[in-house]
Amino acid sequence: TALVQEIIAGLKELPAHHWTGNKIILADILCEPEEVLDILEENQLAVVADDLAQESRQYRTDTPEKGGGALKRLALQWNARYGCSLIHELGKPRGKMLAKMCQETGAQGVISCMMKFCDPEEYDEPYLEADLRKAGIHVMNIDIDPLNHSYEQVRTRVQSFCEML
């Protein structure tokens with residue numbers, strides 16, 4: 001914790017960087033491999049927040065310090081999660097949650113990083129997109145396939161998305 005506090009203090013001393021490109025939020029499970037992030041950088045897209053299961057989402061809900069043994073507390077943590085395609089939630093609040101995140105960060109759009117053949121994400125996608133479009137936020141999904149070695153289709157889609165922002 002002390003090291004993290006030292007890093008944060010050092011970052012606060014740096015001058016503010018004024019970004020001139022577009023700002024986006026990444027959503028769903030993960031945004032890998034690195035080539036996908038390189039394409040975002042090539043297109044002057046700054047990731048200002050994320051709702052990725054393998055990034056911020058795993059830290060959004062604290063594990064209780066009390067409430068039983070380790071497994072029981074992990075179960076309580078899972079039960080307290082929200083805004084995740086892998087859990088059942090009435091009303092599907094993720095789209096509204098992402099729209100609010102866009103307003104708070106100044107993001108102009110959301111890129112949904114869909115794992116190939118991930119049914120829970122695919123089922124939630126229409127609700128997520130409808131809520132974001134209703135809020136006036138651009139949304140695009142890209143297929144994430146770790147076995148893929150050609151990213152030209154992703155590059156073309158990201159370039160087109162940038163023209164909409």
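Heavy-atom basis, side chains included; hydrogens, waters and symmetry copies ignored.
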Could you tell me whether [X] atom [atom1] has more than 12 heavy atoms of other residues or ligands within 6.0 Å of it?
{"X": "Glu42", "atom1": "CD", "answer": "yes"}
{"X": "Gln153", "atom1": "CD", "answer": "no"}
{"X": "Leu71", "atom1": "CG", "answer": "no"}

Are the side chains of [X] and [Y] in touch, meaning some heavy atoms are under 4.5 Å apart?
{"X": "Asp145", "Y": "Asp143", "answer": "no"}
{"X": "Thr1", "Y": "Val4", "answer": "no"}
{"X": "Ile142", "Y": "Arg157", "answer": "yes"}
{"X": "Tyr123", "Y": "Ser85", "answer": "no"}
{"X": "Leu26", "Y": "Leu40", "answer": "yes"}
{"X": "Glu35", "Y": "Val154", "answer": "no"}

Show the numbers, then the answer: is there a side chain to side chain contact (heavy atoms under 4.5 Å, CB included) between Ile29 and Cys113?
CA-CA 7 Å; Ile29 303 293; Cys113 305; over 6 Å; no

Would you compute the distance between atom [atom1] of [X] and atom [atom2] of [Y] and round it to the nearest 0.5 angstrom?
{"X": "Ser160", "Y": "Asn43", "atom1": "OG", "atom2": "CG", "answer": "9.5 Å"}
{"X": "Leu45", "Y": "Gln159", "atom1": "CG", "atom2": "CD", "answer": "10.5 Å"}
{"X": "Ser112", "Y": "Glu121", "atom1": "OG", "atom2": "CD", "answer": "6.5 Å"}
{"X": "Ile25", "Y": "Cys102", "atom1": "CD1", "atom2": "SG", "answer": "3.5 Å"}
{"X": "Asp124", "Y": "Met114", "atom1": "CG", "atom2": "CE", "answer": "9.0 Å"}
{"X": "His138", "Y": "Glu163", "atom1": "NE2", "atom2": "CD", "answer": "12.0 Å"}

Any donor-acceptor pair under 3.5 Å from Gln77 side chain to Thr61 backbone
yes

Arg57 side chain vs Tyr82 backbone, donor-acceptor pair below 3.5 Å:
no

Closest contact, heavy atoms only, [X] versus [Y]:
{"X": "Gly109", "Y": "Ile137", "result": "CA-CG2, 3.9 Å"}
{"X": "Pro64", "Y": "Leu76", "result": "CG-CB, 3.9 Å"}
{"X": "Lys23", "Y": "Trp19", "result": "CG-CD1, 4.1 Å"}
{"X": "Leu52", "Y": "Asp50", "result": "N-OD1, 2.9 Å"}

Under 4.5 Å between side-chain heavy atoms, counting indirect links through other Ile/Leu/Val/Met/Phe/Trp/Tyr residues: same cluster for [X] and [Y] or not?
{"X": "Val110", "Y": "Met101", "value": "yes"}
{"X": "Ile24", "Y": "Tyr151", "value": "yes"}
{"X": "Leu128", "Y": "Leu30", "value": "no"}
{"X": "Ile87", "Y": "Met115", "value": "yes"}
{"X": "Val36", "Y": "Val48", "value": "no"}

After noting the C-alpha distance and the side-chain angles of Val158 and Met140, does the key distance pass the side chain to side chain contact (heavy atoms under 4.5 Å, CB included) rule?
CA-CA 8 Å; Val158 169; Met140 173 188 77; 3.9 Å; yes

Between Glu129 and Asn141, is there a side-chain donor-acceptor contact under 3.5 Å, judged purely by atom types and distance?
yes

Short N-O contact, Arg94 and Asp28, less than 4.0 angstrom:
yes

Only one of Arg81, Arg60, Lys100 forms a salt bridge (Lys or Arg N to Asp or Glu O under 4.0 Å) with Asp51, so which one is it?
Arg60

